[in-house]
Amino acid sequence: MGEERIRRTIEKWETDLESYHMNDFERVYEVWLNQMFSKVPKHYQDKIFEWADQWFLYSYTFLQGTSSQIAARERILQTARSFDDEIEEISDLRRLSIEQLTYLADQQLAKSRVYSFTQGGITGTGGWLFLGIDFPLILTLNLRSVQMIGSSFGYDLNNPVEMLLALKVLHGGMIPQRFKYGTWLELKEELNSLDSIMEQDDWILDQNWFEQPVNQLFKTLAIVMFRRKLVQGVPLLSVGIGAISNYKLAKNVTSFAKTFYQYRHLNETS
């Protein structure tokens, strides 16, 4: 019964992605971004993609080995043992039902959104230090969220194949809504040929992802613009911009990741 309900939820989510239509502002914005990006020479574009991919790969590896990440995985296992006391390691989680796995993932999802909301609010106070590290922190928090959601469904995220797949999931969660359906179909297709994922020469990120840094720039400008508008000594408008923006991105990433790993689990156990 639980499996059928989750299948229907995934199907509705997928239908919503497929039926999404751009508004006029998004069309104009996309044309402008494409024009700006086309002015960058091809070899510089490749350098940008290479640098971004390397940053994510190094960050991924670093996060997986941190004590906080190891402790978080242990907490997942401790919670899972309330369902099955014979669970010893992350791969054992796949013995649980899809509803139990979703419960574990929802715990990570909720924490991620709270962290992102709080971090965005702090950035919104307008301090140059917080503004400067905002985007790297956003990327790191969302990367960590995908890792924890994948672990909650019983996948060993230290495996190189799982690492690349998780980074592709992160990419799918961060790109604009109008591109998500195509990326979703590509991810579903890759589940049928996981052994070949290491042989692909494509960049993990693509031009669609780079709308996110541009959006970040506009957000930073808005925070700087409104940080002097104080309410009882607090720049509430700037704080709100930072908190809501970061929360929205975290919501998009975690929802995409949760749905993907739900679909994968159901696909492998059916």
Side-chain angles (χ1 to χ4, degrees), residues 3-23 26-27 29-31 33-34 37 45 49 52-53 56-57 60 94 98 101-102 105-106 109 112 139 142-143 145-157 159-215 248-270:
E3 286 192 7
E4 287 304 314
R5 179 182 58 79
I6 291 176
R7 285 186 191 276
R8 289 194 300 269
T9 301
I10 294 173
E11 289 171 0
K12 181 181 183 305
W13 182 86
E14 187 174 12
T15 300
D16 290 342
L17 284 188
E18 184 180 12
S19 60
Y20 181 81
H21 295 290
M22 290 190 294
N23 56 43
E26 287 177 314
R27 290 190 181 90
Y29 190 42
E30 181 178 354
V31 170
L33 283 174
N34 288 338
F37 207 81
Q45 291 184 22
F49 289 134
D53 277 8
F56 275 106
L57 288 168
Y60 184 104
R94 296 166 72 180
I98 185 63
L101 294 173
T102 298
D106 281 341
L109 180 152
S112 169
L139 299 180
N142 283 289
L143 175 55
S145 299
V146 173
Q147 290 176 329
M148 299 316 301
I149 291 172
S151 296
S152 297
F153 280 90
Y155 297 102
D156 179 11
L157 274 294
N159 183 299
V161 172
E162 296 295 341
M163 176 183 70
L164 287 179
L165 194 59
L167 288 173
K168 287 174 179 287
V169 171
L170 175 67
H171 167 261
M174 293 188 73
I175 60 177
Q177 192 74 10
R178 60 189 182 276
F179 300 125
K180 287 185 187 293
Y181 183 65
T183 301
W184 173 255
L185 294 181
E186 291 174 7
L187 280 167
K188 288 172 65 175
E189 183 65 30
E190 287 186 342
L191 288 179
N192 298 322
S193 55
L194 283 179
D195 292 339
S196 64
I197 194 171
M198 299 295 294
E199 301 172 4
Q200 297 177 8
D201 295 326
D202 297 337
W203 305 112
I204 298 171
L205 305 180
D206 58 23
Q207 182 177 333
N208 297 335
W209 182 86
F210 281 90
E211 186 170 318
Q212 195 58 241
V214 177
N215 293 343
K248 183 178 179 181
L249 179 59
K251 182 179 179 181
N252 288 339
V253 170
T254 54
S255 295
F256 193 95
K258 172 185 168 181
T259 305
F260 172 78
Y261 284 108
Q262 281 179 325
Y263 172 84
R264 183 181 178 186
H265 178 82
L266 290 173
N267 191 53
E268 291 175 349
T269 56
S270 61

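What's counted below: heavy atoms across the whole structure, side chains too, no hydrogens, waters or symmetry copies. In this chain, numbering begins with 1 at the start of the sequence shown.
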What distance do [X] atom [atom1] and [Y] atom [atom2] have between them, rounded to the nearest 0.5 Å?
| X | Y | atom1 | atom2 | value |
| --- | --- | --- | --- | --- |
| Leu187 | Lys168 | CG | NZ | 7.5 Å |
| Lys248 | Asn215 | NZ | CG | 9.0 Å |
| Thr259 | Ile6 | OG1 | CD1 | 10.0 Å |
| Ser151 | Asp156 | OG | CG | 8.0 Å |
| Leu205 | Gln212 | CG | CD | 11.5 Å |

Applying side chain to side chain contact (heavy atoms under 4.5 Å, CB included), name anything that partners Ala166, two or more places apart in sequence or on another chain.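 Listed in chain order: Tyr60, Val146, Leu157, Tyr261.
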Apply side chain to side chain contact (heavy atoms under 4.5 Å, CB included) to Asp16 and list each qualifying residue two or more places apart in sequence or on a separate chain.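 Testing Asp16 for side chain to side chain contact (heavy atoms under 4.5 Å, CB included), a comparison that skips the adjacent residues, returns Lys12.
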Return the set of residues passing salt bridge (Lys or Arg N to Asp or Glu O under 4.0 Å) with [X] (not counting sequence neighbours), or none when no residue passes.
| X | result |
| --- | --- |
| Glu268 | Arg94, Arg264 |
| Glu186 | none |
| Lys188 | Glu14 |

Taking all heavy atoms of [X] and all of [Y], pick out the closest pair and write down the distance.
| X | Y | value |
| --- | --- | --- |
| Ala250 | Asn142 | CA-OD1, 3.3 Å |
| Glu26 | Met22 | OE1-CA, 3.2 Å |
| Gln45 | Phe37 | NE2-O, 3.1 Å |
| Ser19 | His21 | O-CD2, 3.0 Å |
| Ser112 | Thr254 | OG-CG2, 3.7 Å |
| Phe256 | Lys180 | CE1-O, 4.3 Å |

Please walk me through it: do His265 and Tyr155 pass side-chain contact (heavy atoms from CB on, under 4.5 Å)? CA-CA 10 Å; His265 178 82; Tyr155 297 102; 4.2 Å; yes
Asn34 (side chain) donor-acceptor with Glu30 (main chain) under 3.5 angstrom: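 A pair under 3.5 Å: yes.
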Please examine the side chains of [Y] and [X], heavy atoms only from C-beta on, and report whether any two atoms are closer than 4.5 Å.
| X | Y | answer |
| --- | --- | --- |
| Leu109 | Lys251 | no |
| Thr269 | Ile98 | no |
| Leu167 | Asp53 | no |
| Phe210 | Leu33 | no |
| Gln262 | Ile10 | yes |

Before you tell me yes or no, could you show the steps for Phe179 and Asp206 under side-chain contact (heavy atoms from CB on, under 4.5 Å), namely the whole-Å CA-CA distance, both residues' side-chain angles and the distance that decides it to 0.1 Å? CA-CA 11 Å; Phe179 300 125; Asp206 58 23; over 6 Å; no
Determine, step by step, whether Arg178 and Glu211 satisfy the side-chain contact (heavy atoms from CB on, under 4.5 Å) criterion, reporting the C-alpha distance in whole Å, the side-chain angles of both residues, the deciding distance to 0.1 Å, and the verdict. CA-CA 12 Å; Arg178 60 189 182 276; Glu211 186 170 318; 2.5 Å; yes
Would you please classify the geometry between the Trp184 ring and the Phe260 ring as parallel, tilted or perpendicular, with 30° and 60° separating the classes?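 The arrangement is perpendicular - the two ring planes meet at more than 60°.
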Parallel, tilted or perpendicular, as decided by the 30° and 60° cut-offs, for the rings of Phe56 and Trp209: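 Taking Phe56 first and then Trp209, their aromatic rings stand perpendicular (interplane angle over 60°).
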Take His171 and Asn208 through the test side chain to side chain donor-acceptor pair (under 3.5 Å) and record every step on the way to the result. CA-CA 9 Å; His171 167 261; Asn208 297 335; 5.9 Å; no
If you look only at pairs with a residue in residues 253-263, which of them pass as a salt bridge (Lys or Arg N to Asp or Glu O under 4.0 Å), with sequence neighbours excluded?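 Non-adjacent pairs meeting salt bridge (Lys or Arg N to Asp or Glu O under 4.0 Å): Asp106-Lys258.
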What's the verdict on side chain to side chain donor-acceptor pair (under 3.5 Å) for Gln177 and Asn252, showing C-alpha distance, side-chain angles and the deciding distance? CA-CA 9 Å; Gln177 192 74 10; Asn252 288 339; 5.3 Å; no
For side-chain contact (heavy atoms from CB on, under 4.5 Å), just list the numbers for Leu164 and Leu57, CA-CA rounded to whole Å, side-chain angles, deciding distance to a tenth of an Å, and then say yes or no. CA-CA 8 Å; Leu164 287 179; Leu57 288 168; 4.2 Å; yes
